[in-house]
Every structure is written in structure tokens, then in C-alpha cells.
Participant: 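First the structure, then my questions, so here it is.
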Number of protein chains: 2
Amino acid sequence: MTTAMQLTNVLKTLADPTRRAVFERIIREGEVAATGLVQGSKVSQPAVSQHLRALRDAGLVAERREGRHIHYRVAPKGLSPLIDWLGHYETFWAERFANLEKLLKESE
Amino acid sequence: MTTAMQLTNVLKTLADPTRRAVFERIIREGEVAATGLVQGSKVSQPAVSQHLRALRDAGLVAERREGRHIHYRVAPKGLSPLIDWLGHYETFWAERFANLEKLLKESE
DNA sequence: CAGATATATAAGCAATTGCTTATATGATTG
DNA sequence: CAATCATATAAGCAATTGCTTATATATCTG
């Protein structure tokens, strides 16, 4: 079960474009060290570090220390609060316009 | 097609618990006048009005004027940026742990 | 140990946010 | 028209946010 607070946390965390970009890179690259994320980022190392902390606190990423490097990866259940919330209201939406799945197919 | 800005807007708009509560009431009640939303809200009428504006600006709700009442309803495509974004990364997640649909079933 | 590298934390600051009270606008009713 | 009801806007304010620079911590290497 997810709480409203967890959902709020996930939404807030993903709402910042810079932070979301970091998250998307972790998704795409599978497992990245913080250094790698700083490279090619528009913001400073501390800024990236702070974003990584936020992502971790929101449960969106997990980390694995390897020597002095810390590798970040997506946390499987991190998006659950969001998916759960969408799923919870799916029935309401389905009645009124279309279901989630259909919207998914229609996208792009 | 949805832009990153639209997604950011939707996420930011839903990230506030009070505003999200307003949105959820609109989902559940189908079509509500602003007055109805102020009733039973913890915040003032202007606060609700500001939240409604934010929801409308994010494309999450639509309005219909009827005399001096304005009735709000969910905008069908409002969540598209969010659904699209989840869908866009679904393949990446599927490869790594589970697909969106499965997570949806597992929820609750 | 000393130096280098990887990451985190601290402090400070401008910008944004969400609320309030007060007031304005718009529509209806008598 | 005047009064009332529904909603929006303005102004102000405390709290939060995202960044910066400076510094600390932790790990590795020679």
C-alpha cells in the first residue's frame, strides 16, 4: 500500500526537470556512477548529489557502493505510488472517456 | 506529442496534496461547481480558485459556465503527458524488472 | 602516511509556492 | 438599479526549493 505522502514525494521529485533528467539517464544507462551523471549535466556536482539524494529518499533509485564510486540504478518499485494512484482512478476514468491502456497505446 | 514542459506542469500541479485532493474530488464527483469544492475544503475560497486555475492551466480540468456557477470536470487528455512519459520508458523498465501492466495488477 | 579522487554536507541566497485577507468582477434576483 | 451570490484577482508573507561556493568525509594509490 502506498500513502498519499509517498505519492506526493514521488511527484515532487519527478516534477523538477533537472532531477527528472538525472532519473531518465539512470533509466537509460542502467547503472551509472554519480561521476558519470555529473559529466554532461548542466549543474554542479553538489547539485547532482542533492538530486540523487532526493531520488533515493523518494525510493526512485537504489545505490551500490563500489570502492569510491557509488553506482545508481532505478529502484523497481519506486514508481509504484504513481502507478497505484493512476490505477486507483482508472475505473473512474474508464467510465468517462477511455482506459489507461488505451491512452497508453494512443500515445506519441 | 507532449513536451517536457507539459509533463513538468502536470507533475508540479499534482504534487501539491491540497490541489491533488481538489482534482480527486472532481474525478469522483464527475462535475462540480467551485462552490462545492470550497465546501469541505480545508482552505479558503481564493485558495481553491487558485488551485482550479493551476489545474486548468495544466490541462487537467475543463470548465463549463452555467449562470454564476462554473462547473469543473476532468479533462480527458490532461493526464496524457504523464501516461506518455510512463509509456515511453515502459520498454526500459520491462527489460529490467517488470512491465507497467504487471505493476498495475500488483498494486494495492 | 600524503595526495588524489568520488561523493556528501553546510551555508547562503534568489526564486517559487501556497496560503491568507481584502477587494474586484460577473451574473442573478427582487 | 441595489443587493446578493459565485468566482477571480491583488498584495503580502512565511516556507520551500534548487542552485551556488566552500568544505568535509571516505576510499584508493603510491
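To find a chain, count down the sequence lines: A is the first, B the second, and so on, and within it residues start at 1.
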Participant: Under 3.5 Å, is there a donor-acceptor pair between the side chain of A:E29 and the main chain of A:I26?
Facilitator: no
Participant: Are A:R25 and A:S41 linked by a side-chain donor-acceptor pair shorter than 3.5 Å?
Facilitator: no
Participant: Any side-chain heavy atom of A:H51 sitting closer than 4.5 Å to one from A:L37?
Facilitator: no
Participant: Between atom CG in A:D57 and atom P in C:dA8, what is the gap in whole Å?
Facilitator: 11 Å
Participant: Side chains of B:V43 and B:V48, heavy atoms from C-beta outward: is any pair under 4.5 Å?
Facilitator: yes
Participant: At their closest point, which heavy atom of B:A54 faces which heavy atom of B:R19, and how far apart are they?
Facilitator: CB-CD, 3.7 Å
Participant: Among C:dA27, C:dT5, C:dA8, which nucleotide has an atom closest to any side-chain atom of A:I70?
Facilitator: C:dA8
Participant: Polar-atom pairs under 3.5 Å, protein N or O versus N or O of nucleotides 17-20 of chain D: list them with distances, or write none.
Facilitator:
{"residue": "D:dG18", "atom": "OP1", "partner": "A:R19", "partner atom": "NH2", "Å": "3.4"}
{"residue": "D:dG18", "atom": "OP2", "partner": "A:R19", "partner atom": "NH1", "Å": "3.2"}
{"residue": "D:dG18", "atom": "OP2", "partner": "A:R19", "partner atom": "NH2", "Å": "3.2"}
{"residue": "D:dC19", "atom": "OP1", "partner": "A:T18", "partner atom": "OG1", "Å": "3.1"}
{"residue": "D:dC19", "atom": "OP2", "partner": "A:H51", "partner atom": "NE2", "Å": "2.1"}
{"residue": "D:dT20", "atom": "OP2", "partner": "A:S44", "partner atom": "N", "Å": "3.0"}
{"residue": "D:dT20", "atom": "OP2", "partner": "A:S44", "partner atom": "OG", "Å": "2.7"}
{"residue": "D:dT20", "atom": "O4", "partner": "A:Q50", "partner atom": "NE2", "Å": "3.1"}

Participant: State whether the side chain of B:R65 and the backbone N or O of B:G67 hold a donor-acceptor pair below 3.5 Å, judged by distance alone.
Facilitator: yes
Participant: Once you round it to whole Å, what is the distance between C1' of D:dT27 and CD of A:E66?
Facilitator: 13 Å
Participant: Using atom CZ of B:R65 as one end and atom C1' of C:dG26 as the other, report the distance to the nearest whole Å.
Facilitator: 6 Å
Participant: Name the residue closer to the 5' end of DNA chain C, choosing between A:R53 and A:R68 according to the nucleotide with the nearest heavy atom.
Facilitator: A:R68
